Amino acid sequence: PKLGKLANCYIADPRPHGGSMFRIYRDARFSKDKRPYKEHVGCHFRHEAGKDAHAPGFYVHIEVNKVLFGGGIWMPPNSVLYKIRDAIVENPDQWKRIKNSRSVNARTNGISGDGLKRAPRGYDEDHVHIEDIKRKTYFAMTEVNLKMAKSPEFIKEVVKTFRAISPMMAFITEALDLPYQR
């Protein structure tokens, strides 16, 4: 219900397969580590138009010594990535306000994600936001200890972070021609 009030186009799907919870089984086919189970729990509250982990979404990750929550978009296909990059180029002042937002930077470590070494083809290497244009993933996360995750305040902290990163999530969602809130 709290997510619905914040961004009702993002879904908390309770289905055990294909829902918000990631599966507990590891894909060990090509790994030297053959343990069958993951050692963490992950929940992805993705946009209603998304079909997989590459859709924009809010995220909660819990493991023994680390708890993360926040949101963004992880390794989207190139067509999606170029829409986000184009939106940054077309709206540099809006992107700057989001990046420099006190709420984003107070609740998270800022907007981050893996990126390319050089500017993608077709983008100006001197653009003011070139480091963001080079990104292949966009996210803003908060890390807390396991004690906080066991606390009654945990959900409130998650909601505060989700609210703080909402401008970034809205920017990404709208860059993809999707509604953020109905």
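Nothing fancy with the numbering, it's 1 onward along the sequence. Model, not experiment: these values are computed from the prediction.
Side-chain contact between Met168 and Ile111: present, with at least one pair of heavy atoms (C-beta onward) separated by less than 4.5 Å. Between Tyr138 and Pro76, every side-chain heavy-atom pair lies at or beyond the 4.5 Å cut-off. You'll find the side chain of Leu146 stays beyond 4.5 Å of the side chain of Asn65, heavy atoms only. Side-chain contact between Pro179 and His47 is present, with at least one heavy-atom pair separated by less than 4.5 Å. Between Lys83 and Asp177, some side-chain heavy-atom pair lies under the 4.5 Å cut-off. Using a 4.5 Å cut-off on side-chain heavy atoms (C-beta onward), Met21 and Cys43 make contact. Cys9 is not listed as a side-chain neighbour of Thr173, based on a closest heavy-atom distance of 4.5 Å or more. Side chains of Gln94 and Arg97 form a contact here, defined as non-hydrogen atoms less than 4.5 Å apart.
Other residues, nucleotides and ligands contribute only 12 or fewer heavy atoms inside 6.0 Å of the CG atom of Asp114. More than 12 heavy atoms of other residues, nucleotides or ligands sit less than 6.0 Å from atom CG of Asp86. Remark: Asp33 CG is packed, more than 12 non-hydrogen atoms of other residues, nucleotides or ligands lying under 6.0 Å away. Counting non-hydrogen atoms of neighbouring residues, nucleotides and ligands closer than 6.0 angstrom, the NZ atom of Lys150 reaches no more than 12 such neighbours.
Cluster membership check: Val80 shares its hydrophobic cluster with Tyr180, using side-chain heavy-atom separations under 4.5 Å among Ile, Leu, Val, Met, Phe, Trp and Tyr. Linking ILVMFWY residues whenever their side-chain heavy atoms come closer than 4.5 Å, directly or via other members, places Leu3 and Val60 in the same cluster. Under a hydrophobic clustering in which Ile, Leu, Val, Met, Phe, Trp and Tyr are joined whenever their side-chain heavy atoms come within less than 4.5 Å, directly or via other members, Ile84 and Ile98 fall into the same cluster. Linking ILVMFWY residues whenever their side-chain heavy atoms come closer than 4.5 Å, directly or via other members, places Leu6 and Ile155 in the same cluster. With hydrophobic clusters built from ILVMFWY side chains whose heavy atoms lie under 4.5 angstrom apart, Val128 does not share a cluster with Val89.
The ring pair (Phe, Tyr, Trp, His ring centres under 6.0 Å) pairs that include a residue from residues 140-162 are Phe58-Phe162, Phe69-Phe154, where partners are two or more places apart or lie in different chains.
Residues satisfying the salt bridge (Lys or Arg N to Asp or Glu O under 4.0 Å) criterion with Glu125, sequence neighbours excluded, are absent altogether. With sequence neighbours excluded, the residues satisfying side-chain hydrogen bond (donor to acceptor under 3.5 Å, both in side chains) with Ser103 are Ser101. In this view, Asp126 satisfies the side-chain hydrogen bond (donor to acceptor under 3.5 Å, both in side chains) rule with no residue, not counting sequence neighbours. By the salt bridge (Lys or Arg N to Asp or Glu O under 4.0 Å) test, Glu143 is found to be paired with no residue, residues two or more places apart in sequence or in another chain being considered. Not counting sequence neighbours, Arg102 has no partner by the salt bridge (Lys or Arg N to Asp or Glu O under 4.0 Å) test.
Arg26 places no side-chain N or O within donor-acceptor distance of the main-chain N or O of Ala28, the cut-off being under 3.5 Å. Side chain of Lys134 to backbone of Lys117: a donor-acceptor contact under 3.5 angstrom is found. Put simply, the side chain of His54 gets close to the backbone of Met75: a donor and an acceptor are under 3.5 Å apart. A donor-acceptor pair is defined here as one N or O able to donate and one able to accept, closer than 3.5 Å; such a pair exists between the side chain of Arg85 and the backbone of Ile133. Side-chain atoms of Ser151 never come within 3.5 Å of backbone atoms of Lys147 as a donor-acceptor pair (strictly under, hydrogens ignored).
The minimum heavy-atom distance linking Asp13 with Ser20 is given by the pair N-OG, 2.7 Å. Residues Gly110 and Asn105 approach most closely at CA-OD1, 3.5 Å, considering heavy atoms. Between Ala55 and Ile73, the shortest heavy-atom contact is C-CG1, 4.0 Å. Closest approach of Arg46 and Gly18 over heavy atoms only: NH2-O, 3.2 Å.
A salt bridge links Asp132 to Arg135: at least one charged side-chain nitrogen sits closer than 4.0 Å to a carboxylate oxygen.
Separation of atoms CD1 (Ile11) and NE2 (His44) is listed at 12.0 Å; rounding is to 0.5 Å. Atom NE2 of His40 is separated from atom NE2 of His61 by 5.0 Å, given to the nearest 0.5 angstrom. Taken from CD1 in Ile165 to CE in Met141, the straight-line distance is 8.0 Å, to the nearest 0.5 Å. Here the OH atom belonging to Tyr59 is positioned 7.5 Å from the CG atom belonging to Leu68, to the nearest 0.5 angstrom. The distance from the CZ atom of Arg121 to the CG atom of Leu116 is 11.0 Å, given to the nearest 0.5 Å. In this structure, CE on Met169 lies 4.0 Å from OH on Tyr10, to the nearest 0.5 angstrom.
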field: Test side chain to side chain contact (heavy atoms under 4.5 Å, CB included) applied to Thr108 and Thr161, step by step
entry: CA-CA 7 Å; Thr108 72; Thr161 297; 4.1 Å; yes

- prompt: Going through the checks in order, is the side-chain hydrogen bond (donor to acceptor under 3.5 Å, both in side chains) test met by Thr142 and Arg107?
  reply: CA-CA 6 Å; Thr142 296; Arg107 300 256 355 140; 5.2 Å; no

task: Mind running side chain to side chain contact (heavy atoms under 4.5 Å, CB included) on Gln181 and Asn8 for me, showing each step along the way?
output: CA-CA 5 Å; Gln181 182 85 341; Asn8 62 11; 3.4 Å; yes

- request: Check the pair Trp74, Phe139 against ring pair (Phe, Tyr, Trp, His ring centres under 6.0 Å), reporting the backbone distance first and the verdict last.
  value: CA-CA 7 Å; Trp74 179 73; Phe139 60 82; 9.9 Å; no

